[in-house]
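Whatever order the structure lists them in is the order used to number ligands and atoms, beginning at 1.
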Amino acid sequence: FESLGLEAELLRAVSEQGYSEPTSIQQKAIPVILEGRDIMAGAQTGTGKTAGFTLPMLQRLGEQRPPDGRRPVRALVLTPTRELAAQVGDSVETYGRHLAFRSAVIFGGVKINPQISKLRHGVDVLIATPGRLLDHAQRGTLDLSQVEILVLDEADRMLDMGFIHDIRRIMKMLPPRENRQSLLFSATFPREIQQLAQQFLVRPERVEVSPRNSTVELIDQLVYPVDKRRKRELLSHVIGAGYWKQVLVFSRTKHGANRLAGQLTADGLNSTAIHGNKTQSARTRALSDFKNGKVRVLVATDIAARGLDIDQLPHVVNFDLPNVPEDYVHRIGRTGRAGQEGTAISLVSPDENKLLKDIERLIGKEIPKESLEGY
Ligand code: AMP
């Protein structure tokens, strides 16, 4: 980290986190961001991208403080989900703990008034989901005209979630792109993302870590072919027989997630579901119960799982395959993070064979298949 040009206060925070070596995205992105350039970075969660933009962003903000002690919002990080916003917020606090910045996280699903009063007291770094951010802007409780650094985190997911119009509206509230620094992070680069970059970035430096859409190498991937009706039974068996203590299971639908969590619990495997219909406090509770081991199985939908940062998650199971092949890469990226090994198992029924083929085409390899006796 010392060679990247970061100042002492940031290096101290990094070493207190126990990081000795920068990850590959950090090595590539930090020097470019410190130079003040725009970047378009290809990096999925688990690569250390959050520190990759947070560290140099805080340093840049520290280099030029507004003269008169005013506190306009100077950096804006947009994220697709509440969970990711909260996690980025935690990172800003962690890495900035020896610097005097104020940050705030704003997202929907919680009361707006505490957020308003926080904004009124002055915030240097704002982390937000698009909808609630616009809410504040419309109430006049937020001024984005002084933003110096903009981060679009998980941009592909923001587009998938239909935030493109919100993003365009937010861009109009910022200083023109020539007068700010813009950093775009995305796991994938479909044409829409490239258009977004063309519109909102200035001659971005392209930074990429693992080749596009390739899956993390440390992850052991396996497919269990199984009859649709017997998936739940097989899942309980695999978790029980393997003595798995912490499993993240993906379900395509909210309803399916609820039902599966109930059934697994009835099978004696303490489970809970996390999805977009749950309140923010229910989601936070589910996540913390899972992290501290109270709950053994967390059943999640794709959107809810996006951005979940669970250190060293050993097992991910696809109870059903995602409709969009890119989601497979996002899902299994929940394991094998920061150099840890992990397993990703997919329960695939005959009707999903086409989805499986699409996934294998995307990741450029065939996933090993193993039939379990009796299934
Ligand atoms: P991210 O991709 O930003 O979600 O980060 C993934 C995980 O890697 C987080 O749990 C970070 O705390 C961790 N991490 C970030 N940078 C490093 C590093 N240089 N060394 C070890 N772990 C890291």
Side-chain angles (χ1 to χ4, degrees), residues 1-6 10-31 33-34 39 41-59 75 77-97 103 105 125 127 129 151-158 183-188 207-210 212-219 246 248 287-288 290-292 298 300 302 304-314 316 329-342 344:
F1 275 103
E2 281 73 12
S3 65
L4 294 177
L6 293 169
L10 292 168
L11 291 174
R12 208 167 119 210
V14 164
S15 83
E16 284 163 358
Q17 281 304 102
Y19 305 161
S20 45
E21 298 279 327
T23 64
S24 152
I25 187 73
Q26 291 162 4
Q27 283 174 33
K28 291 181 183 165
I30 291 175
I33 301 174
L34 285 178
I39 67 167
Q44 53 198 72
T45 25
T47 53
K49 67 180 167 64
T50 315
F53 64 75
T54 304
L55 290 166
M57 174 178 83
L58 293 177
Q59 176 145 334
V77 183
L78 285 179
T79 73
T81 63
R82 307 159 182 186
E83 283 80 10
L84 186 61
Q87 277 158 24
V88 172
D90 289 345
S91 293
V92 169
E93 293 277 314
T94 302
Y95 303 128
R97 72 158 75 105
S103 61
V105 179
V125 179
I127 303 105
T129 53
V151 182
L152 296 171
D153 195 11
E154 305 202 348
D156 50 352
R157 179 51 54 127
M158 286 202 272
L183 316 173
L184 181 147
F185 284 77
S186 192
T188 56
V207 183
E208 196 148 10
V209 283
S210 56
R212 212 180 299 180
N213 296 336
S214 76
T215 42
V216 186
E217 268 155 31
L218 288 162
I219 303 173
Q246 201 180 39
L248 178 63
L287 186 59
S288 76
F290 183 58
K291 282 188 177 184
N292 65 29
L298 185 65
D302 288 287
R306 184 71 173 167
L308 287 185
D309 180 17
I310 303 157
D311 283 335
Q312 303 170 20
L313 185 63
V316 167
V329 180
H330 293 309
R331 286 179 174 194
I332 73 164
R334 314 282 89 214
T335 183
R337 313 191 89 192
Q340 300 289 325
E341 286 183 29

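Residue-ligand proximity, T50 to ligand 1, at heavy-atom distances under 4.0 Å covers atoms 1 (P), 3 (O), 4 (O). Distances below 4.0 Å separate heavy atoms of E21 from the following atoms of ligand 1: 18 (C), 19 (N), 20 (N). Numbered from 1 in the order shown, with element, the atoms of ligand 1 that lie under 4.0 Å from a heavy atom of F1 read 19 (N).
Polar contact with ligand 1: present for G48 (N/O pair, distance under 3.5 Å).
R157 places a side-chain heavy atom less than 4.5 Å from the side chain of D302.
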Next on the checklist: Show, in sequence, the C-alpha distance, side-chain angles and deciding distance for V77 and M57, and conclude whether the side chain to side chain contact (heavy atoms under 4.5 Å, CB included) test is met.
Outcome noted: CA-CA 10 Å; V77 183; M57 174 178 83; 4.2 Å; yes
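Neither the backbone nor the side chain of Q87 comes within contact range of ligand 1; no heavy atom lies under 4.0 Å.
A pairwise comparison of heavy atoms in A155 and L184 identifies CB-CG, 4.0 Å as the closest pair.
Annotation: side-chain contact (heavy atoms from CB on, under 4.5 Å) contacts of A85 (sequence neighbours excluded): T79, V105, F107, I127, T129. When the side-chain contact (heavy atoms from CB on, under 4.5 Å) test is applied to T94, the partners found at least two apart in sequence or on another chain are Q17, R97.
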